[in-house]
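All remarks here apply to the structure that follows.
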Amino acid sequence: MALLKWPKSGRNGAAPPPPEAGDGRMPLMEHLRELRNRLVIALLGLVAGIIVGFIFFDPIWSFVSAPYCGLPQAQELRPGQCTMLILGVFDSFFVNLKVAAMFGLVVSSPIWLWQIWGFVTPGLYRNEKRYSFLFILLAVPLFLAGAALAYFVMDTGLSILLGFAPPGTLTGITIDEYLGYALIMLIVFGISFELPLLMVFLNIIGVLPHALVAKHRRMVIFIMFVFGAVATPGGDPFTMIALALPMVVLFAFAEGFMYLREKRLRGKEEDFSHLSDDEASSLDDDASPLGDVVPVGDPAPIDSRTTDTDPSK
């Protein structure tokens, strides 16, 4: 498809005219204005979730601290009671703020995920926009599923990490350290579960073919395990495997979808993704290199006087 470009200068060296209304191109200022509006909406949703988190702090804190309070190490300082330490004067306020922020981030995920997708959608073709609603329906449950998995594996990860304490020592962590660990776990697991959906999106818009994914399948799986070891805050083997294995399963589903989609479209349009960039295409023996030539009209009559080169006449 040919690309239409503006001229570098207009008549007599004047500047090119601005884009006409309705030509499909969004001016830069309008694009930035839309980005600003969507960021404001996403932030308002996050702030609303934080306010709700402040109001219902006590039940939310009981839910957030449950993975740690179920460990034997949590009761070493005061037997029979879950104990965390607050070392700073302002830590109590920041604890409330962090807990409310975690709650607001998870609760407002449908809002800011929809704003991100709404900002990307205008750059898609019409046949690609029809997947918008389906993608947002899948993105929110995947993020929440990743956050839920992080919550259920935190107790085992903490038990492994705190189990390395030498004998004769008391284990006590600060509440700030625990919240930082929990927040990173929720974000890493939630975003990691979105990566297979991103692969499917890139395949639909024609950027990531299935042949490329299948060629580097082993490398992708290896990178997932490395990512699980680096991204998890504790770095323990259990948390790494708990993050990497679901990612591998979701990657398999994404690759299967890409394969079935391209197989369904293979009969409708010719696929050249398996060819090298320098490989020449084959031509039929009986085909003309210029294709079928359609005559526009009757050929002009040939004047014999212009073709007679005999000097004796």
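The figures that follow rest on heavy atoms only: side chains count, while hydrogens, waters and symmetry mates do not.
Using a distance-only test at 3.5 Å, with no hydrogens or angles considered, no donor-acceptor pair links the side chain of Ser159 to the main chain of Asp155. Thr156 contributes no side-chain N or O that, together with a main-chain N or O of Val153, makes up a donor-acceptor pair within less than 3.5 Å.
For the atom pair CD of Gln73 and CG of Leu161, the computed distance is 10.5 Å after rounding to the nearest 0.5 Å. Ser192 OG to Leu142 CG: the interatomic distance, rounded to the nearest 0.5 Å, is 11.5 Å. Note that CZ of Arg217 is 11.5 Å distant from CG of Leu212, once rounded to the nearest 0.5 Å. Atom CG in Leu97 sits 12.0 Å away from atom CG in Asp91 (nearest 0.5 Å). Atoms CE and OH, from Met154 and Tyr68 in turn, are 13.0 Å apart once rounded to the nearest 0.5 Å. Here CD of Glu194 is found 8.0 Å from CD1 of Ile191. Values are rounded to the nearest 0.5 Å.
Residues Ile86 and Thr174 fail the side-chain proximity criterion, which asks for heavy atoms closer than 4.5 Å. Contact annotation: the side chain of Val95 never approaches that of Asp176 to less than 4.5 Å [non-hydrogen atoms, C-beta and beyond]. At least one side-chain heavy atom of His210 sits under 4.5 Å from a side-chain heavy atom of Glu255. Side-chain contact between Leu208 and Val200 is absent, with no heavy-atom pair separated by less than 4.5 Å. Using a 4.5 Å heavy-atom threshold, the side chains of Met199 and Phe257 count as separate. Looking at heavy atoms from C-beta onward, Leu179 lies in side-chain contact with Val64 at the 4.5 angstrom threshold. In this structure the side chain of Leu158 reaches within 4.5 angstrom of the side chain of Tyr178, judged on heavy atoms. A heavy-atom distance below 4.5 Å is not found between the side chains of Val220 and Val213.
Residues Ala242 and Pro246 come closest through the heavy atom pair O-CD, 2.9 Å. The heavy-atom pair separating Leu71 from Pro67 by the smallest distance is CG-O, 3.6 Å. Contact between Met247 and Pro196 at its shortest, heavy atoms only, is O-CG, 4.5 Å. Nearest heavy-atom pair across Ala182 and Met102 is CB-CE, 4.0 Å. Residues Ile111 and Gly45 come closest through the heavy atom pair CD1-CA, 3.9 Å. Between Ile160 and Phe238 the shortest heavy-atom distance is CD1-CB, 3.5 Å.
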* Verdict with reasoning, Met258 to Arg261, per side-chain contact (heavy atoms from CB on, under 4.5 Å) -> CA-CA 5 Å; Met258 296 163 63; Arg261 177 181 174 274; 5.8 Å; no

* Give the intermediate values and the outcome of side chain to side chain donor-acceptor pair (under 3.5 Å) for residues Asn203 and Glu262. => CA-CA 9 Å; Asn203 178 259; Glu262 292 186 3; 2.9 Å; yes

* Checking side-chain contact (heavy atoms from CB on, under 4.5 Å) for the pair Val99/Phe54: CA distance, chi angles, key distance, verdict? -> CA-CA 8 Å; Val99 172; Phe54 267 112; over 6 Å; no

* To do: Under the side-chain contact (heavy atoms from CB on, under 4.5 Å) rule, what do Leu243 and Val188 come out as? Steps first, then yes or no, please.
  => CA-CA 9 Å; Leu243 176 61; Val188 169; 3.9 Å; yes

* Asked: For Leu197 and Phe201, what are the C-alpha separation, side-chain angles and deciding distance, and is it a side-chain contact (heavy atoms from CB on, under 4.5 Å)?
  -> CA-CA 6 Å; Leu197 188 62; Phe201 169 70; 5.9 Å; no

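Under the 4.5 Å side-chain heavy-atom criterion for ILVMFWY residues, no single connected hydrophobic cluster contains both Leu44 and Ile50. Hydrophobic clustering keeps Phe189 apart from Val230 (ILVMFWY residues linked when any side-chain heavy atoms are closer than 4.5 Å, directly or through intermediates). In terms of hydrophobic clustering, with Ile, Leu, Val, Met, Phe, Trp and Tyr side chains grouped at heavy-atom distances under 4.5 Å, Val40 and Ile51 are assigned to different clusters. Residues Leu46 and Ile41 do not share a hydrophobic cluster, defined by chaining ILVMFWY side chains whose heavy atoms lie under 4.5 Å apart. Under the 4.5 Å side-chain heavy-atom criterion for grouping Ile, Leu, Val, Met, Phe, Trp and Tyr, Val47 is connected to Phe103 within one hydrophobic cluster.
In the displayed structure, Tyr259 atom OH is contacted under 6.0 Å by at most 12 heavy atoms of other residues, nucleotides or ligands.
Residues that satisfy the side chain to side chain donor-acceptor pair (under 3.5 Å) test with Ser92, not counting sequence neighbours, are absent from this structure.
Between Phe143 and Trp112, the ring planes are perpendicular. Angles over 60° get that label, and only those under 30° would be called parallel.
In this structure, Phe63 has its ring center closer than 6.0 angstrom to the ring center of Tyr151.
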